[in-house]
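Working notes, beginning with the structure itself.
Below, chain A is the first sequence line, B the second, and so on; all start at residue 1.
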Amino acid sequence: MPSTEVGYVRRELPEKLKTIGLSLFAVGTGLGIIGFLINPERTSLSYLVTFMFLVSIGIGSLFLVALEYAVGADWSTPFRRISEFLAAVIPFLLILVIPLLLNMRNIFPWTHKSIVNSSELLKGKTAYLNIPFFIIRSLGIFIIWWVFYYFIIRNSRKQDSSKDQLLTKKNVNISSGFIPVFGLSITAIAFDWMMSLEPNWFSTIFGVYYFSGTVWCALAALTLIVILLNERGYLHRKIDSEHYYTLGLLMFAFTVFWAYIAFSQYLLIWYADLPDETIWFMHRWIGPWKIVSLAIVFTHFIFPFFYLLSYKVKMQAKKLKFIAIWILCAHLLDLYWLVMPGMPSNGYQYYFSWTDLVFPIAGVGLLILIFKYLSQKYNLLPIGDPKLQRGLDFHL
Amino acid sequence: MSENKNLNSVAALFDTPNKIINAAKKVKEAGYTKFDVNTPYPVHGMDKAMGLGQSKIGYVTLFFGFAGAIFIFLFMGWTMAINYPYIVGGKPLFPFQAFIPITFEVTVLCGSIATVVGMLAVFFNLPFLNHPIHDSNYIKEVSIDKFGVVIEAQDPIFERDKVTEFLKSLGGEKIEYINEPEKEEFKILQPKFILFLVVVAALTSFGTFITLNKLMYVVPFNWMDNQRKSNPQSETNFFYDGYAMRTPVVGTVAKEFMPYPYQGQAQPEVPLANPTLPTEQLLKMGQEKFLTFCSPCHGNYAQGVSRLKGQFPPGPTLHSAKIIGYSDGMIYNIITNGQNAMPSYAYQIPREQRWAIIDYIRVLQRAQNPNPSDFQAIKELNKESGKNAVN
C-alpha cells in the first residue's frame with residue numbers, strides 16, 4: 001500500500017462493485033434493446049431522458065472541476081478526482097448518442113416536412129433546425145467537451161506522479177477557456193435536445209434552466225460518492241463534516257438558483273399570457289401532468305430548500321446522503337417533465353411505459369462501471385496537487 | 001482575586017495563526033469558559049478550537065425572514081383581493097405568481113436587516129459601546145498584526161497568578177492586566193451630543209440645499225426652459241384683459257364640425273331623421289361601438305344586464321315598448337345630451353358612429369322581437385345551406 005506525503009493510503013474499491021455495475025448495466029441495456037425492438041417511438045424518448053441525465057452528470061462534473069481551477073478553490077481539491085471520474089461519461093456520449101440519432105424522426109417533430117410546412121414559425125427555423133446541422137452541432141459539442149476533458153484530466157493525472165505545479169497553472173488557463181465555451185454549448189444542447197421537442201415554443205432562459213439543474217445534479221452525485229467513500233475510509237481521515245457542510249451549502253445555493261431561474265421563465269410567460277408561449281406550460285398542466293408539475297415544485301425546490309436550510313443537517317453525513325439521492329431523483333424527474341409531455345409520436349397524448357424505468361438503471365450501472373474502472377487506475381485523491389494539503393486542512 | 005479587585009482580564013499576545021489556534025484549544029481544554037480571542041482577520045477553524053457552538057443569529061434571520069415573507073404576501077393579497085378588488089392585466093384577483101418576486105425581495109430585506117440589527121443590539125449589547133480591553137495596549141497590537149487571548153476574571157476557575165503562568169507556558173508574550181474602567185459612562189445619549197447631532201443635521205441640510213439649488217445651479221439645456229409663449233390657464237400682458245386663453249369669435253364653427261341644434265334639450269322639437277343607410281359595414285361599426293361604449297351598462301344584447309356589478313346604476317333594457325317606439329332622432333338626442341344617470345357621449349363618439357349605434361340597436365330590437373316573416377326567411381336560408389339549424 002503506497003502512502004504519500006499527505007497521508008493518503010490507497011485502497012482498492014471492492015470487486016463487488018464491478019458485479020453490481022455490470023449486472024445493472026446488462027439488465028438495463030438488455031431490457032432497453034427489447035424496448036427499442038417493440039416500440040422505438042416511445043423507447044427513444046425514455047432513452048433521451050436518461051441520456052440527458054448522463055450529460056448532466058458528465059458535463060456538470062467537468063464544470064465543477066474547471067470551476068475549482070478557475071477560481072482557485074482549495075476546499076474542494078480533495079474531491080476533485082471524484083468529479084473527474086464522473087466527467088469520464090463525456091467520451092461515452094459520442095456512443096450513447098447513436099440510438100438517438102438513429103431515432104431522430106421518432107423524437108423531433110421538426111424532422112417531418114409536413115409538420116414544418118404547416119407552420120410559418122418552423123419554416124423560419126429550418127436554417128437552424130435541420131437534420132445535418134443538428135447532427136454536426138451535437139457531435140461537435142460533444143467532441144469539444146471531450147477535448148477539454150482530455151486536456152484538463154490528463155494534466156491533473158500527470159501531476160500525481162510529477163508533482164509539477166506548472167500543471168495547475170496550465171489547467172487554470174484551460175478551465176478559464178472552458179467555462180465560456182461550456183455556457184454556450186450547454187445552451188445549445190438544451191435547446192437542441194429538449195426545447196426542440198416542442199419546436200414552436202421557445203424560451204431564451206431554457207439553457208440556464210438546464211445548466212442550474214446540471215450543476216445541482218453533479219454536486220449531489222459528488223456529495224453522495226464522497227460521503228459513501230469517506231465513511232468507508234477510502235479517502236482521507238481529514239475530510240470531515242466541515243467539508244460536507246460546504247458541499248451542502250453549494251447544493252442549497254443551487255436549489256435556490258434553480259428556483260430563481262425556473263420561476264423567472266414561468267413568471268414572464270404567465271404575465272404575457274401569449275398562446276404560443278403558454279402552450280408549453282399547458283401541456284404540463286393537463287391531466288396527471290398537473291400533479292407532476294406540482295411535484296417538481298415540491299421535490300426540486302421546497303423540500304430541499306427547507307431540508308438544507310439548517311446548519312446541523314449540512315454537517316451530518318447521513319442526512320446529506322439522503323438529500324443527495326433525493327436531488328438525483330428530483331433532477332431525473334425534472335428531465336422527465338421537460339421531455340415527456342410534448343410526445344409527438346402519439347399525438348401529444350402521454351402514456352406511461354416500462355422503458356422509462358429501465359434506462360436509469362442502465363445509466364447508474366454505467367456510472368458505477370466507469371467509476372470502478374478509473375479508481376483501479378488512478379488515485380482517489382489528486383496527491384500531486386499543491387492545493388491538496390490546504391484543502392484537507394480546510395476549516396470553516 | 002483579592003490582590004486586585006478591579007482586574008477585568010489577563011491578556012497575552014501570540015505571533016501566528018497556528019499558535020493562536022493551539023492556544024485557544026489549550027485554554028479551552030484547561031476548563032476556562034469566559035475567554036475570548038482577538039485576531040486582526042478571521043482565522044479559519046477558530047470556532048472549533050474555541051469550542052464555540054453554532055451562532056444563534058441564524059434564528060433571528062430565519063424568524064424575521066419568514067415573518068417578512070408571510071406579511072408581505074398576505075398584505076399584497078389583502079390590497080389586491082380584499083381592500084380594493086381590481087383586475088390588472090386580465091389576471092385573477094389573487095395573482096399569487098405576481099407576488100413572488102416581491103415576497104422574495106422582502107424576505108431578503110427583512111432577514112438581512114434583522115440580522116444586522118439583532119447582531120448589534122442583542123449580541124453586541126448596543127448602545128453600550130465600551131469594553132475594558134478597548135483602552136489597552138493589547139487591542140492596539142491585535143488590530144495590527146498580533147493574535148491575542150483574553151481570560152476574564154469572571155471565569156469560575158480564574159486565579160491571577162495561575163492564569164499568568166498558564167498563558168506564559170502556552171508561549172504568550174506581553175502579558176497584560178486589564179482593569180475595569182473607573183466608571184462606565186454612557187456617552188451616546190447625552191443632551192450635548194444630541195444637540196450636536198441636530199445642529200449637524202440642520203447645517204448639512206441647509207448647506208446641501210443652498211449649494212445644489214443656488215450656488216451650483218446649472219441649467220442643462222436652457223433653450224426649452226424659457227420660451228416666449230403663454231401656457232394654458234396662465235396670465236399674459238399681451239391681451240388687454242390679461243387672460244392667455246381666448247374664447248372663439250361668436251358664431252364661428254370648427255372645421256368639419258356639425259352643430260347639433262338641440263344641444264342641452266331633453267326633448268327635441270323635431271327629431272332629426274337618420275341620415276344613414278344600414279349597410280353591413282355600418283352595422284359592424286355600430287356593433288363594435290355599441291360593445292365598447294353602451295354594453296357595460298346596457299348589456300351585450302341591450303337586455304339591461306350590467307357588467308359593472310353594482311359599481312354604477314345599471315342601464316335599462318332597450319327592448320321595452322317605449323324605446324322601440326322612440327324615433328331614431330330621439331335616441332340620437334339621448335346619446336348626445338345624456339339622460340338621467342347616463343352622461344353625454346357627444347365627445348367620445350363621433351356623429352356617424354352614433355347613428356351607426358342606433359342602426360345596430362334597431363337590429364338588436366328586431367332580433368328580440370321578430371316578425372313572422374323573419375322565421376320564413378331563416379327557414380329559406382337553412383334550405384339553401386342544406387342544414388337544419390332550427391331544432
- Note on the structure: Heavy atoms of Gln97(B) and Leu267(A) approach each other most closely as O-CD1, 3.4 Å
- Message: Atom OH of residue position Tyr59(B) - does it have more than 12 heavy atoms of other residues, nucleotides or ligands inside 6.0 Å?
- Response: no
- Query: Is the count of non-hydrogen atoms from other residues, nucleotides or ligands lying under 6.0 Å from Gln348(B) atom CD greater than 12?
  - Reply: yes
- Message: Between Phe96(B) and Phe263(A), is the ring centroid distance below 6.0 Å?
- Response: no
- Greater than 12 external heavy atoms within 6.0 Å of Tyr32(B)'s OH: yes
- Query: Just wondering, more than 12 heavy atoms not from Phe281(A) lying within 6.0 Å of its CZ?
  - Reply: yes
- With under 30° as parallel and over 60° as perpendicular, where do the rings of Phe66(B) and Phe306(A) fit, or are they tilted in between? parallel
- Note on the structure: Output for pair (Ile100(B) CD1, Trp270(A) CH2), nearest 0.5 Å, gives 9.5 Å
- Starting from the C-alpha separation in whole Å, work towards a yes-or-no answer on side-chain contact (heavy atoms from CB on, under 4.5 Å) for Asp273(A) and Lys91(B). CA-CA 9 Å; Asp273(A) 210 9; Lys91(B) 303 295 183 219; 3.6 Å; yes
- Are more than 12 heavy atoms from other residues, nucleotides or ligands located less than 6.0 Å from atom CZ of Phe73(B)? yes
- Query: Given that the side chain runs from C-beta out, which part of Tyr271(A) has a heavy atom under 4.5 Å from chain B: side chain, backbone, both or neither?
  - Reply: both
